[in-house]
Amino acid sequence: MARKSGYSKESQKAKRVRAERILIALEAALPHATTELSHRSPYELLVATVLAAQATDKSVNAATPALFKRYPDAFHLAKSEPENIEPFIKTIGLYKAKAKNLSLLGKKLVDEYGGEVPSDLRELIKLPGVGMKTAKVVLGSAFGIPAIAVDTHLTRLASRLALSKETHPDKISHDLESLFPRDKWVFVHHALILHGRYRCTARNPKCEGCPLFVDCASRGAW
DNA sequence: ATCCCGAGGG
DNA sequence: CCCTCTGGAT
């Protein structure tokens with residue numbers, strides 16, 4: 001419980017230097033960090049990311065091939081009803097809400113965006129089932145527009161690494177984006193997710209041999 | 001703040 | 001069995 005070590009009195013400048021070392025370590029450990037959600041277009045990434053809410057991307061990837069075959073673009077999705085989508089995504093959590101959102105999502109993409117996925121944060125957020133996290137994922141991974149999407153992994157790691165004391169994802173995102181160079185935001189997002197998924201897990205993190213050990217505020221706490 | 005919600009890991 | 005998973009809408 002009690003934090004054995006930390007950076008409670010760390011200056012902003014020291015934190016910035018530490019963030020820089022963390023970035024270097026992540027680049028060395030995860031040079032090819034990118035999304036693990038299978039997709040071939042902004043449309044597919046958008047749908048996959050909506051499905052990924054509170055679900056593992058492995059379970060999403062297991063379902064999307066059949067889903068994308070039946071609904072290859074926004075125009076096909078627009079003609080769907082939630083009940084038609086449910087069978088394709090039943091194995092994913094929260095499937096009823098997601099089926100409803102996807103059906104509405106298709107209609108809105110067609111009605112208001114010509115069937116294309118908008119490449120603007122404010123527009124993306126207006127879409128059903130799309131919040132700040134999903135919108136930023138699409139911006140960064142589909143359009144190459146710098147953004148740090150904060151999900152469960154980023155929230156946990158920002159805290160453990162003492163890169164942010166905030167609890168609200170939007171504030172954590174702001175802190176992280178101020179700590180890392182803009183052209184590294186998308187990489188940092190993916191690298192921290194992979195680090196969180198495979199090493200710095202929620203339970204029983206594998207601190208032994210961790211590439212971020214020396215710069216971690218929680219080292220030794222597990 | 002609460003609800004949604006299946007699958008895999010420990 | 002309990003916890004967690006690239007959250008969002010109400």
Side-chain angles (χ1 to χ4, degrees), chain A residues 26 30 32-39 42 44-67 82-83 85-109 117 121-143 145-161 163-164 166-173 176-177 185-208 222:
Chain A
L26 287 174
L30 301 162
H32 308 300
T34 183
T35 181
E36 292 188 334
L37 286 172
S38 306
H39 67 284
E44 288 191 357
L45 179 65
L46 174 60
V47 171
T49 309
V50 167
L51 291 174
Q54 295 296 93
T56 60
D57 61 352
K58 188 177 290 186
S59 71
V60 173
N61 289 337
T64 47
L67 180 69
E83 306 81 61
I85 298 176
E86 285 181 13
F88 290 95
I89 65 172
K90 269 244 178 184
T91 53
I92 305 174
L94 315 178
Y95 70 92
K96 283 192 177 181
K98 289 172 183 176
K100 180 181 176 184
N101 284 334
L102 287 185
S103 183
L104 294 172
L105 174 61
K107 299 182 198 315
K108 191 152 188 171
L109 286 177
V117 178
L121 185 61
R122 290 299 144 201
E123 298 303 320
L124 282 166
I125 287 180
K126 295 178 187 171
L127 299 172
V130 179
M132 186 63 74
K133 178 262 173 181
T134 298
K136 285 196 170 192
V137 166
V138 171
L139 273 189
S141 299
F143 298 116
I145 299 172
I148 295 183
V150 174
D151 69 323
T152 180
H153 294 299
L154 277 277
T155 300
R156 183 177 68 254
L157 295 208
S159 172
R160 286 184 182 172
L161 292 168
L163 293 176
S164 175
E166 302 291 347
T167 57
H168 193 288
D170 291 358
K171 292 184 177 179
I172 295 172
S173 183
L176 294 178
E177 290 179 349
W185 287 358
V186 175
F187 169 79
V188 167
H189 164 71
H190 287 127
L192 286 180
I193 283 185
L194 294 182
H195 183 66
R197 181 176 299 161
Y198 297 114
R199 180 178 283 280
C200 195
T201 47
R203 285 183 293 173
N204 308 318
K206 302 166 179 60
C207 295
E208 252 188 49
W222 281 276

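For the numbers below, each heavy atom of this structure counts, side chains included, while hydrogens, waters and symmetry mates do not. Just so it is clear: chains get the letters A, B, ... in the order the sequence lines come, proteins before strands, and each one is counted from 1. For clarity, every value in this text was computed on a predicted model and none was experimentally measured.
Checked against C:dT4, C:dG7, C:dT6, the side chain of A:R203 finds its nearest nucleotide in C:dT4.
Contact between A:N101 and A:G129 at its shortest, heavy atoms only, is ND2-CA, 3.6 Å.
Contacts of A:I125 with the nucleic acid, taken as non-hydrogen atoms under 4.0 Å apart, are absent. Among the atoms of the strands shown, none is found under 4.0 Å from any heavy atom of A:P169. Using a 4.0 Å heavy-atom cutoff across all strands shown, A:A149 reaches no nucleic acid atom at all. Residue A:T152 is in sugar-phosphate contact alone, with no base atom involved, counting any heavy-atom pair closer than 4.0 Å across all strands shown. As judged by a 4.0 angstrom heavy-atom cut-off over every strand, A:K96 is placed among residues touching the sugar-phosphate backbone only. Note on A:V60: nothing from the nucleic acid sits closer than 4.0 angstrom, heavy atoms only. If you check every strand for non-hydrogen atoms under 4.0 Å, A:K90 touches sugar and phosphate atoms only.
In this entry the distance linking CD1 of A:I92 with C1' of B:dC4 reads 14 Å, nearest Å. Taking atom CG of residue A:L127 and atom P of nucleotide C:dA9, one finds them 9 Å apart after rounding to whole Å. One interatomic measurement links the two molecules: CG of A:D151 to P of C:dT4, which rounds to 14 Å at whole-angstrom precision. Nucleotide C:dG8 holds its C1' atom 13 Å from the CG atom of A:L105, rounded to whole Å. Between the CZ atom of A:R199 and the P atom of C:dC5 there is a distance of 17 Å, rounded to whole Å. When rounded to the nearest whole Å, the span between CD of A:Q54 and C1' of C:dA9 equals 13 Å. Whole-Å rounding puts the A:L51 CG to C:dA9 P distance at 14 Å. If you measure from atom NE2 of A:H153 to atom C1' of C:dT4, you get 9 Å, rounded to the nearest angstrom.
Nearer the 5' end of DNA chain B, as judged by each residue's closest nucleotide, is the contact made by A:A55, out of A:K206 and A:A55. In terms of position on DNA chain C, the residue among A:T56 and A:G129 whose nearest nucleotide sits closer to the 5' end is A:T56. Annotation: of the two residues near DNA chain B, A:K58 and A:L94, the 5′-most nearest-nucleotide partner is A:L94. Positionally, the nearest nucleotide of DNA chain C for A:D57 lies more toward the 5' end than for the other of A:D57 and A:N101.
Between the base of C:dT6 and the side chain of A:T35 there is a donor-acceptor pair shorter than 3.5 Å.
In summary, the side chains of A:T64 and A:H39 do not present any donor paired with an acceptor at a separation below 3.5 Å, with no hydrogens or angles considered.
Look at the P atom in both C:dT10 and B:dC5: the space between them is 14 Å, to the nearest Å. Taking atom P in both B:dT2 and C:dT6, one finds a spacing of 25 Å when rounded to whole Å.
For residues 185-205 of chain A, the set of pairs meeting the salt bridge (Lys or Arg N to Asp or Glu O under 4.0 Å) definition, not counting sequence neighbours, comprises A:E36-A:R197, A:D57-A:R197. Listed by first then second residue, pairs satisfying salt bridge (Lys or Arg N to Asp or Glu O under 4.0 Å) with a partner in residues 92-103 of chain A number zero, not counting sequence neighbours.
Between C:dT4 and A:R197, no contact under 4.0 Å exists linking OP1 or OP2 to a side-chain N or O. An OP1 or OP2 oxygen of C:dG8 is reached within less than 4.0 angstrom by a side-chain nitrogen or oxygen of A:T134.
The shortest side-chain heavy-atom distance between A:M132 and A:L121 falls under the 4.5 Å cut-off.
How far OH of A:Y95 is from CD1 of A:I85: 13.5 Å, rounded to the nearest 0.5 Å.
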